[in-house]
Protein chains: 2
Amino acid sequence: MNIGEASCRSGLPAKTIRYYEDIGLIQPDRGGNGYRDYGSDDVHKLRFLHRSRSLGFSVDECRQLLALYEDKSRASADVKEIATSKLGEIDRKIRELSELRLTLEHLVHACHGNERPDCPILEELSEG
Amino acid sequence: MNIGEASCRSGLPAKTIRYYEDIGLIQPDRGGNGYRDYGSDDVHKLRFLHRSRSLGFSVDECRQLLALYEDKSRASADVKEIATSKLGEIDRKIRELSELRLTLEHLVHACHGNERPDCPILEELSEG
DNA sequence: TCTTGACCTTCCAGTTACAGGAAGGTTCAT
DNA sequence: ATGAACCTTCCTGTAACTGGAAGGTCAAGA
């Protein structure tokens with residue numbers, strides 16, 4: 001199938017699929033007209049990539065996961081390690097964002113938000 | 001003062017300070033030797049930028065905040081609006097990350113993480 | 001047969017917010 | 001005088017794409 005249909009079936013934009021080819025994540029066949037030709041296994045990989053990316057794995061981590069996925073002799077522990085470390089990262093991000101949220105909420109509540117120029121938000125930003 | 005001291009006092013790397021000048025956020029004087037020369041008001045701005053950035057505002061939002069900060073006739077409502085919309089963004093991000101966390105945690109717990117090749121994480125990634 | 005529109009191709013530039021490094025000038029202390 | 005510690009500009013690279021230009025291909029309709 002052409003890239004358009006592969007895009008439909010995988011949920012990834014055609015641009016992204018070409019990019020993934022550029023960086024060596026997939027290697028579709030080419031037809032006589034130069035068009036890329038995707039098989040159902042390619043679409044499978046693309047969906048795998050789509051899902052992994054949306055779960056917060058970096059492209060490089062996706063590359064590792066894909067390699068493990070294709071390695072029939074892999075140990076599940078290898079996969080679990082990647083996923084666990086990603087989980088830690090996500091926890092860290094959530095914690096940071098929550099702190100940031102608190103500070104910002106405090107500022108927003110302190111600001112009366114009217115036509116007058118005095119603003120606690122700017123005051124705190126300039127002192128902090 | 002030179003950029004090194006401005007860096008110390010503001011907490012921003014010299015590289016970043018030069019970058020902020022490139023994109024028009026600050027305009028320090030220049031000494032006869034070509035060195036940048038920062039005053040205490042510049043350092044003040046730099047600290048403002050540092051703090052705003054670390055609160056999750058984009059450089060462009062910082063530009064707006066800085067303009068408001070320097071506009072003595074601003075309405076605090078303008079500032080509050082920016083901060084409030086940023087708060088909404090942060091909430092969205094936290095929600096997304098939390099969902100992602102749940103999914104990933106589910107996967108990690110389902111995986112026994114041993115030497116055998118069968119791995120629920122990869123299975124779900126390839127189906128999802 | 002011609003044409004029109006929807007595909008597809010490659011390549012180049014832009015995005016965000018800097019960081020790293022090269023090549024070279026300045027200042028200061030010894 | 002010389003060496004370290006500054007400073008300068010300029011170029012490149014990062015992550016993960018997205019947008020657009022210029023042009024080739026294909027299928028359907030007039």
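No hydrogens, no waters, no symmetry mates; every other heavy atom, side chains included, goes into these values. A, B, ... follow the sequence lines: proteins, then strands. Residue 1 opens every chain.
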K.L.:
In whole angstroms, how far is the P atom of D:dA16 from the CD atom of A:E61?
P.N.:
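Going from A:E61 (CD) to D:dA16 (P), I get 9 Å.
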K.L.:
What is the minimum heavy-atom distance between A:C62 and A:S52, and which atoms define it?
P.N.:
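Scanning both residues, the minimum pair turns out to be SG-CB, 3.5 Å.
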K.L.:
Just call it for B:R36: base, sugar-phosphate, or nothing, with non-hydrogen atoms closer than 4.0 Å on any strand.
P.N.:
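It contacts sugar-phosphate atoms only.
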K.L.:
Which whole-number value in Å describes the distance from B:R63 CZ to C:dA17 C1'?
P.N.:
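In whole Å, C:dA17 C1' and B:R63 CZ are 12 Å from each other.
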K.L.:
Shortest non-hydrogen contact from A:Y38 to A:I26?
P.N.:
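Looking at all heavy atoms of both residues, the closest pair is CE2-CD1, 4.3 Å.
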K.L.:
Rounded to whole Å, please give me the gap between CD1 in B:I17 and C1' in D:dT9.
P.N.:
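It is 17 Å, rounded to the nearest whole Å.
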K.L.:
Hey, any chance A:Y35 and A:L46 share a hydrophobic cluster, counting ILVMFWY side chains that come within less than 4.5 Å of each other, even indirectly?
P.N.:
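Different clusters: A:Y35 never reaches A:L46 through Ile, Leu, Val, Met, Phe, Trp or Tyr contacts under 4.5 Å.
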K.L.:
Estimate the overall bend of the helix from C:dT1-D:dA30 to C:dT30-D:dA1 from the end axes over five pairs each, rounded to 10 degrees.
P.N.:
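The value is 30°.
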K.L.:
Show your reasoning for whether salt bridge (charged side-chain N to carboxylate O under 4.0 Å, His left out) applies to B:E21 and B:R18.
P.N.:
CA-CA 5 Å; B:E21 182 178 347; B:R18 290 197 196 95; over 6 Å; no
K.L.:
Round to a whole Å and report the spacing from CG of B:D60 to P of C:dT15.
P.N.:
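Whole-Å distance recorded here is 11 Å.
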K.L.:
Any idea which heavy atoms bring A:G56 and B:L100 closest together, and the distance?
P.N.:
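Nearest pair, atom of A:G56 first, then B:L100: N-CD1, 4.2 Å.
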K.L.:
Round to the nearest Å and state the distance from A:R18 atom CZ to C:dC11 atom C1'.
P.N.:
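The answer, rounded to whole Å, is 12 Å.
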K.L.:
Rounded to whole angstroms, how far apart are CD on A:E21 and P on C:dC8?
P.N.:
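From A:E21 CD to C:dC8 P: 14 Å.
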K.L.:
For a quick test of reading the model, state the closest non-hydrogen atom pair linking B:K80 to A:V108 and the distance between them.
P.N.:
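Here B:K80 and A:V108 meet closest at CE-O, 3.2 Å.
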K.L.:
Please state how far atom CG in A:D22 lies from atom C1' in C:dT10, giving the value in whole angstrom units.
P.N.:
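Going from CG in A:D22 over to C1' in C:dT10 covers 10 Å.
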K.L.:
Where is the tightest heavy-atom contact between A:S58 and A:R53, given as atom of each residue plus distance?
P.N.:
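Distance-wise, the nearest heavy atoms are CA-NH1, 3.7 Å.
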K.L.:
Under 3.5 Å between N/O atoms: give me all the protein pairs with nucleotides 18-20 of chain C, atom names plus distance.
P.N.:
unit_1 : atom_1 : unit_2 : atom_2 : d
C:dC18 : OP2    : B:Y20  : OH     : 2.6
C:dC18 : OP2    : B:R53  : NE     : 2.9
C:dA19 : OP2    : B:T16  : OG1    : 2.9
C:dG20 : N7     : B:K15  : NZ     : 3.0
C:dG20 : O6     : B:K15  : NZ     : 2.9

K.L.:
Is there a side-chain contact between B:L55 and A:L107 in this structure, where contact means two heavy atoms from C-beta onward sitting under 4.5 Å apart?
P.N.:
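Result yes, sub-4.5 Å side-chain heavy-atom pair found.
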K.L.:
Write down the protein N/O and nucleotide N/O pairs, taken from nucleotides 1-7 of chain C, whose separation is under 3.5 Å; answer none if there are no such pairs.
P.N.:
none

K.L.:
Counting only heavy atoms from other residues, nucleotides and ligands, does the tally under 6.0 Å from CD of A:E81 exceed 12?
P.N.:
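Not more than 12 within 6.0 Å, no.
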K.L.:
Please state how far atom OH in B:Y38 lies from atom C1' in D:dC6, giving the value in whole angstrom units.
P.N.:
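Rounding to the nearest Å, OH of B:Y38 and C1' of D:dC6 are 14 Å apart.
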K.L.:
Donor-acceptor check, side chain of A:D37 to backbone of A:M1, threshold 3.5 angstrom: yes or no?
P.N.:
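Side chain of A:D37 to backbone of A:M1: a pair is present.
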K.L.:
Identify which one of A:R74, A:H44, A:Q64 satisfies the side-chain hydrogen bond (donor to acceptor under 3.5 Å, both in side chains) criterion when paired with A:Y69.
P.N.:
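Among the candidates, only A:H44 passes.
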K.L.:
Would you say A:N33 reaches D:dG24's phosphate, i.e. side-chain N/O to OP1/OP2 under 4.0 Å?
P.N.:
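Checking D:dG24 against A:N33, no side-chain N or O comes under 4.0 Å of OP1 or OP2.
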